[in-house]
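Just so we're clear, the structure is a prediction, and the values are computed from it rather than from any experiment. Just so it is clear: chains get the letters A, B, ... in the order the sequence lines come, proteins before strands, and each one is counted from 1.
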Protein chains: 2
Amino acid sequence: MKRISESTVGRLSLYLRILKEYAGGATISSEELAGAAGTSAAQVRKDLSLFGTFGKRGLGYSVPELTGELRGILGLGQEWRVALVGAGRIGQALFGYQDFRTQGFYIQAVFDSDASKVGERWNGTVVRADEELERVLATEAIDIVIVAVPAPAAQSVVDRVVAAGVRAILNFAPTRIEVPAGVALKNVNMAVELEGLSYALANERANDRRGRAG
Amino acid sequence: MKRISESTVGRLSLYLRILKEYAGGATISSEELAGAAGTSAAQVRKDLSLFGTFGKRGLGYSVPELTGELRGILGLGQEWRVALVGAGRIGQALFGYQDFRTQGFYIQAVFDSDASKVGERWNGTVVRADEELERVLATEAIDIVIVAVPAPAAQSVVDRVVAAGVRAILNFAPTRIEVPAGVALKNVNMAVELEGLSYALANERANDRRGRAG
DNA sequence: AGGTGTGAACACTTTCACAGCA
DNA sequence: TGCTGTGAAAGTGTTCACACCT
């Protein structure tokens, strides 16, 4: 299959959420889907056409059928086993965000290097010691690791996790992480987003001063 | 000034973080900066050249000077006043993440609609009632609002905040938000990131099955 | 020589516009 | 007729390659 861009995959994720909440009938047009997703009808059709022919000309897309296709494309037909490294504030918030579970992402293990946290029970899941990481990743057959440790510790956690064979990492530490080819890495970095907003504000003000023409 | 892409702004943010930690001398070349940022030297030079001429040919960029320029470009020379709407788990984690403050982002107010939370003191900041939102946004001269409420409530919070004159919003609710032109919106959506990883894993496996050639 | 700044080439993504099927 | 699927066109972002300055 042809290479698919990250923006396309992100939109598929969005389309799926829209379909789940759609109450407009058994079929939906690219136009409607685009409206809800904030993109263009052509973009919707192009995105979907990269994976197959799901629509009916003159009619649109069957909502249940397209939902199923998108779930399949995104790999949501199966259960993913997730481990969380870092039981600090962010780790706790993520653990508590149980929406994940309904999407098929199950947090099977939590790790922390702080001895005072190890042994805590979080809703039935025990916080384990850092040293158990490699062993538990293997025994629990973990697919995805969420890294929620302080920035200086992040790369070494990632190196260990990758060495243990994990191929997908979601990084919350505000630092750049290196992974070898073949490992999927996504970053969630609030500092970058805030600085993006700062840039927008600073620049908007500059534009205002200049006379708001542009 | 010419329109700058979001990816460029994101990279500037990254360059700035690298410069802060740089211990290699008083100047840095585009090559070194690119290595640390995981991009190409040409990309670094192009990004910077969009804003001015900061380097010296044959030498590279002065670290303190470039740091200052980047801070200026990103609007980090000033203090930004931030409000947090939603005092749940994510809100608490964000509030606790005090790195923000060192970057010039100050959380001045916290809001929640849950009466049992209102009145709590968070490290000196009182959780206020939802009804006070508009009044406090004005009296506290809030620049940026972080939305950390459940998905169904997010759009209405954003509408109120925009009506109150706020021009920059960071949304953590896992839903698509509409804002009028002129309002900057950034989304942090863990569901989309996880589904991106799911896609990568599902697809990698497909490639493996196919023989790993491609 | 060393390393920036930048037009031009290239690659990728989005939009257009329309043929073709239900 | 209505709406999809898709080549071609337009637009955007990245890489190349080299003139030019220190």
Provide, to the nearest angstrom, the distance between the CG atom belonging to Asp47(A) and the C1' atom belonging to dT6(D).
13 Å
Glu69(A) bridged to Arg71(A) by N-O distance under 4.0 Å:
no
Would you say a side-chain N or O of Ser30(A) is under 4.0 Å from OP1 or OP2 of dT4(D)?
yes
Distance test, side-chain N/O of Ser40(A) to OP1/OP2 of dT15(C), below 4.0 Å:
yes
Checking Ile4(A), Leu48(A), Val44(A) against Leu12(A) for side chain to side chain contact (heavy atoms under 4.5 Å, CB included), the one that qualifies is Leu48(A)
Gln155(A) side chain to Asp159(A) side chain, donor-acceptor N/O pair below 3.5 angstrom
yes
Examine dT15(C): is either OP1 or OP2 under 4.0 Å from a nitrogen or oxygen in the side chain of Gln43(A)? Give yes or no.
yes
Measure the distance from NZ on Lys56(A) to P on dG5(D) and round it to the nearest whole Å.
9 Å
Would you kindly check whether a donor in the side chain of Arg57(A) faces an acceptor in the base of dG2(D), or vice versa, at under 3.5 angstrom?
no
What's the closest nucleotide to the side chain of Lys46(B) if the choices are dT6(C), dT13(C), dA8(D)?
dT6(C)
Is any NZ, NE, NH1 or NH2 atom of the basic residue among Arg81(A) and Asp143(A) found under 4.0 Å from an Asp or Glu carboxylate oxygen of the other?
no
In whole Å, I'd like the distance from the CD1 atom of Ile28(A) to the C1' atom of dG2(D).
16 Å
Checking contacts here: which listed nucleotide (dC18(D), dT13(C), dA8(D)) is nearest the side-chain heavy atoms of Arg45(B)?
dC18(D)
For a quick test of reading the model: is some side-chain N or O of Tyr61(B) closer than 4.0 Å to OP1 or OP2 of dG5(C)?
yes
